[in-house]
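Notes to accompany the following structure.
Reminder, nothing fancy here: chain letters follow the sequence lines and each chain counts from 1. Just so we're clear, the structure is a prediction, and the values are computed from it rather than from any experiment.
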Amino acid sequence: KNQVEQSPQSLIILEGKNCTLQCNYTVSPFSNLRWYKQDTGRGPVSLTIMTFSENTKSNGRYTATLDADTKQSSLHITASQLSDSASYICVVSAGGLTGGGNKLTFGTGTQLKVEL
Amino acid sequence: DAGVIQSPRHEVTEMGQEVTLRCKPISGHNSLFWYRQTMMRGLELLIYFNNNVPIDDSGMPEDRFSAKMPNASFSTLKIQPSEPRDSAVYFCASSLLGHNEQFFGPGTRLTVL
């Protein structure tokens, strides 16, 4: 059964600090892995998308890594800001097609809170 | 670009009533997805369409749920009859076929009493 597990479930950090969120998956065949940020009351917004051949991708202060051998991904947030407070969701796509042809497996998310 | 538009944003109804959620995808996008999000189960893909054709509805929980896409700019998700366990936030997302990135709407928060 395809699964995506995220850790920690929740995290509180001080503004300006760095943090790393983890995602482990057992999805086969692997197509791509996405990290989404979801603010309270809003829809998820894509941060990064990585395919099998990519092992790191950055989007501003967000850097995602992928180890396809160990089936692990991480999202590193540098110099956190209050606006980073949100849920971060890891999503893994299975199958050989891109876009709408993929079967998606969602993690339950890590709830991050950044405090002063 | 207005993004994905969903209506209503909030819906409160009583058990047994019919509920219709609406979605307008981003203009030019040809894949549309319906998701449900709850605290217990997180995000779940219910159904998706490519070029207005339903491709995979294996995530639709029961026959009480149905979705249509009569044209490229409009889709509905209907629940009839609704039950309290259907209470959740329902998201619509769209993308270009062959592209990985999906753009989500603001969601409809459904409460079934």
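Across A/V91, A/L104, A/I89, a single residue satisfies side chain to side chain contact (heavy atoms under 4.5 Å, CB included) together with B/L43, and that is A/I89.
The hydrophobic cluster containing A/F106 also contains B/V89, counting ILVMFWY residues as joined when their side-chain heavy atoms lie under 4.5 angstrom apart, directly or transitively. By the rule that hydrophobic residues join a cluster once side-chain heavy atoms approach within less than 4.5 Å of another member, B/F33 and B/L21 end up as members of separate clusters. A chain of hydrophobic side-chain contacts below 4.5 Å, direct or via other Ile, Leu, Val, Met, Phe, Trp or Tyr residues, connects A/L21 to A/I13. A chain of hydrophobic side-chain contacts below 4.5 Å, direct or via other Ile, Leu, Val, Met, Phe, Trp or Tyr residues, connects A/L75 to A/F30. Taken together through direct or relayed side-chain contacts under 4.5 Å among Ile, Leu, Val, Met, Phe, Trp and Tyr, A/V45 and A/Y62 form parts of separate hydrophobic clusters.
The part of B/R9 that comes within reach of chain A is its side chain, from C-beta onward, which places non-hydrogen atoms under 4.5 angstrom from that chain. Using a 4.5 Å cut-off between heavy atoms, B/F103 does not touch chain A at all. Only the side chain of B/Q37 comes within contact range of chain A, with heavy atoms under 4.5 Å apart.
Distance CD/B/Q102 to CD1/A/I49: 8.5 Å, rounded to 0.5 Å. The CD atom of B/E44 lies 11.5 Å from the OG1 atom of A/T105; values are rounded to the nearest 0.5 Å.
Residues B/F91 and A/Q38 have side chains in contact (heavy-atom distance under 4.5 Å, counting atoms from C-beta outward).
Highest contact tally toward chain B, considering only A/P44, A/G43, A/G107, is held by A/P44 [criterion: heavy-atom pairs under 4.5 Å]. Comparing A/S46, A/S87, A/G41 by heavy-atom pairs within less than 4.5 Å of chain B, the highest count is held by A/S46.
Counting non-hydrogen atoms of other residues, nucleotides and ligands closer than 6.0 Å to CG of B/N71 gives a total above 12. Atom CD of A/Q9 sits in a sparse spot, with 12 or fewer heavy atoms from other residues, nucleotides or ligands closer than 6.0 Å.
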